[in-house]
2 protein chains.
Amino acid sequence: METKTGTTTEGCCSVLVQPIDTADAEPLARAFAALGDPVRLRLFSLIASSGPVCSCDLLEPLSKSQPTISHHTKALAEAGLIVGEKQGRWVWWSAVPRRVEELRAALSAR
Amino acid sequence: METKTGTTTEGCCSVLVQPIDTADAEPLARAFAALGDPVRLRLFSLIASSGPVCSCDLLEPLSKSQPTISHHTKALAEAGLIVGEKQGRWVWWSAVPRRVEELRAALSAR
DNA sequence: CTGTCGTATTGACATCTGTCGATCTATTGC
DNA sequence: GCAATAGATCGACAGATGTCAATACGACAG
């Protein structure tokens with residue numbers, strides 16, 4: 001069934017990920033939770049796709065207040081998904097490729 | 001900075017994902033949120049790595065009550081990450097590879 | 001039909017979360 | 001120093017969430 005997708009469900013390939021240890025689960029879940037809000041997910045995708053982005057450039061496309069944007073950037077930063085470099089009055093946010101790779105790996109087989 | 005990891009932040013490779021449309025953000029965020037709880041993440045990894053699993057086999061490794069497990073399986077199912085097939089008194093849960101692939105794709109470049 | 005077993009649902013509770021207005025901090029320009 | 005601006009923090013509030021005890025539902029065994 002559903003062998004059309006290329007991801008067959010027979011033999012070795014039925015395994016998508018390996019069981020996650022209790023200790024590893026918390027930080028991983030933290031990162032997934034950070035992407036678990038629609039606004040924050042779009043916020044992250046904007047930063048990750050446009051390179052370093054100023055916070056001021058995020059208010060309009062997301063239609064949220066300044067404190068809300070600040071709240072979300074903080075959440076993403078604490079999850080290790082983005083880092084902010086302060087330059088004068090501005091903060092330039094950029095994604096952390098290594099962290100994203102960790103999430104992708106957790107969703108991969110083996 | 002951090003060009004040691006191999007994932008350079010220059011040129012084309014600074015792009016990890018493409019901006020996510022507002023319409024696409026909600027279902028995607030729903031799935032990420034489903035993985036955003038440590039218990040639920042481990043629950044999913046157990047199902048995904050062990051093939052079809054009976055609910056009764058999940059209580060002990062997760063050290064949670066039966067209603068809590070049922071609550072989490074329901075959440076994962078509504079997020080499209082697992083499906084349950086009822087066989088007599090038991091329910092056999094298995095992961096949905098296509099859905100996992102969607103999440104992995106959202107975290108990939110291009 | 002009756003009791004048992006695996007799950008789902010309900011109700012309740014404490015905690016967490018997303019949001020915004022108001023305010024504070026820090027930096028730039030004059 | 002003073003006003004303006006970018007961002008962070010605080011306080012508040014409605015709504016969502018994780019958890020469990022109690023209960024209901026459905027299937028099987030006798």
Side-chain angles (χ1 to χ4, degrees), chain A residues 20 22 25-47 50-94, chain B residues 20 22 25-47 50-94:
Chain A
I20 297 176
T22 312
E26 186 133 354
L28 253 183
R30 227 167 235 289
F32 281 126
L35 300 176
D37 177 78
V39 174
R40 216 182 294 135
L41 180 59
R42 290 185 57 223
L43 174 46
F44 174 73
S45 76
L46 284 172
I47 295 174
S50 305
V53 183
C54 171
S55 290
C56 55
D57 291 332
L58 296 168
L59 305 188
E60 191 208 341
L62 294 173
S63 304
K64 294 293 169 188
S65 71
Q66 180 268 321
T68 298
I69 299 296
S70 181
H71 169 71
H72 285 318
T73 50
K74 184 180 182 180
L76 285 170
E78 286 180 348
L81 286 165
I82 63 175
V83 287
E85 190 174 353
K86 191 163 188 175
Q87 291 231 344
R89 282 181 289 195
W90 295 273
V91 178
W92 296 94
W93 297 100
S94 44
Chain B
I20 297 176
T22 312
E26 185 133 358
L28 253 185
R30 226 167 237 289
F32 281 126
L35 300 176
D37 177 78
V39 174
R40 216 183 294 134
L41 181 58
R42 291 185 57 222
L43 174 46
F44 174 72
S45 76
L46 284 172
I47 294 175
S50 304
V53 183
C54 171
S55 291
C56 54
D57 291 332
L58 296 168
L59 304 190
E60 191 209 340
L62 295 173
S63 305
K64 294 293 168 187
S65 72
Q66 180 268 321
T68 298
I69 299 296
S70 181
H71 169 71
H72 285 317
T73 51
K74 183 179 182 181
L76 286 170
E78 286 179 348
L81 286 165
I82 63 174
V83 287
E85 189 175 355
K86 191 160 190 175
Q87 293 228 345
R89 283 179 288 193
W90 295 272
V91 178
W92 295 93
W93 297 101
S94 43

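Protein chains get the first letters and strands the later ones, always in sequence-line order, with residue 1 at the start of each. On a predicted model such as this, the values are computed, not experimentally measured, just so you know.
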Can you tell me the distance, in whole Å, between the [atom1] atom of [X] and the [atom2] atom of [N]?
X	N	atom1	atom2	value
Leu59(B)	dC5(C)	CG	P	15 Å
Leu41(A)	dG18(C)	CG	C1'	15 Å
Lys74(B)	dT9(C)	NZ	C1'	8 Å
Ile69(A)	dG21(C)	CD1	C1'	16 Å
Leu58(A)	dA6(D)	CG	C1'	13 Å
Leu35(A)	dT17(C)	CG	P	14 Å
Leu76(A)	dG18(C)	CG	C1'	13 Å
Trp93(B)	dG6(C)	CH2	C1'	13 Å

Using a heavy-atom cut-off of under 4.0 Å over every strand shown, decide if Trp92(A) touches base, sugar-phosphate, or nothing.
-> nothing

Under 4.0 Å between any heavy atoms, over every strand shown, what does Ser70(B) touch: base, sugar-phosphate, or nothing? Just pick one.
-> base

Work out which heavy atom in [X] is nearest to a heavy atom in [Y]; give both atom names and the distance.
X	Y	value
Leu81(B)	Ala34(B)	CD1-CB, 3.9 Å
Ala25(B)	Pro38(A)	CB-O, 4.0 Å
Ser45(A)	Ile20(B)	OG-N, 3.0 Å
Phe44(A)	Leu35(A)	CD2-CD2, 3.8 Å

Applying side chain to side chain contact (heavy atoms under 4.5 Å, CB included) to Ala33(A) and not counting sequence neighbours gives none

Under the side chain to side chain contact (heavy atoms under 4.5 Å, CB included) test, which residues partner Cys54(A), sequence neighbours left out?
-> Cys56(A), Asp57(A), Trp90(A), Trp92(A)

Mind checking side chain to side chain donor-acceptor pair (under 3.5 Å) for Ser94(A) and listing every partner two or more places apart, or none if nothing turns up?
-> none

Protein-nucleic acid N or O pairs under 3.5 Å, nucleotides 24-30 of chain C:
none

Could you walk me through whether Leu46(A) and Val53(A) pass side-chain contact (heavy atoms from CB on, under 4.5 Å), step by step?
-> CA-CA 8 Å; Leu46(A) 284 172; Val53(A) 183; 5.8 Å; no

Which atom pairs, donor and acceptor, lie under 3.5 Å between side-chain atoms of residues 61-78 of chain A and protein residues at least two apart or in another chain?
unit_1: Ser65(A); atom_1: OG; unit_2: Thr68(A); atom_2: N; d: 3.4
unit_1: Ser65(A); atom_1: OG; unit_2: Thr68(A); atom_2: OG1; d: 3.0
unit_1: His72(A); atom_1: ND1; unit_2: Arg40(A); atom_2: NE; d: 3.1
unit_1: Thr73(A); atom_1: OG1; unit_2: Ile69(A); atom_2: O; d: 3.2
unit_1: Thr73(A); atom_1: OG1; unit_2: Ser70(A); atom_2: O; d: 2.8

Dump every N/O contact between nucleotides 13-22 of chain D and the protein below 3.5 Å, one line per pair.
unit_1: dG18(D); atom_1: OP1; unit_2: Arg40(B); atom_2: NH2; d: 2.4
unit_1: dG18(D); atom_1: OP2; unit_2: Arg40(B); atom_2: NH2; d: 2.6
unit_1: dT19(D); atom_1: OP1; unit_2: Lys64(B); atom_2: NZ; d: 3.4
unit_1: dT19(D); atom_1: OP2; unit_2: His72(B); atom_2: NE2; d: 2.5
unit_1: dC20(D); atom_1: OP2; unit_2: Ser65(B); atom_2: N; d: 3.1
unit_1: dC20(D); atom_1: OP2; unit_2: Ser65(B); atom_2: OG; d: 3.0
unit_1: dC20(D); atom_1: OP2; unit_2: Thr68(B); atom_2: OG1; d: 2.7

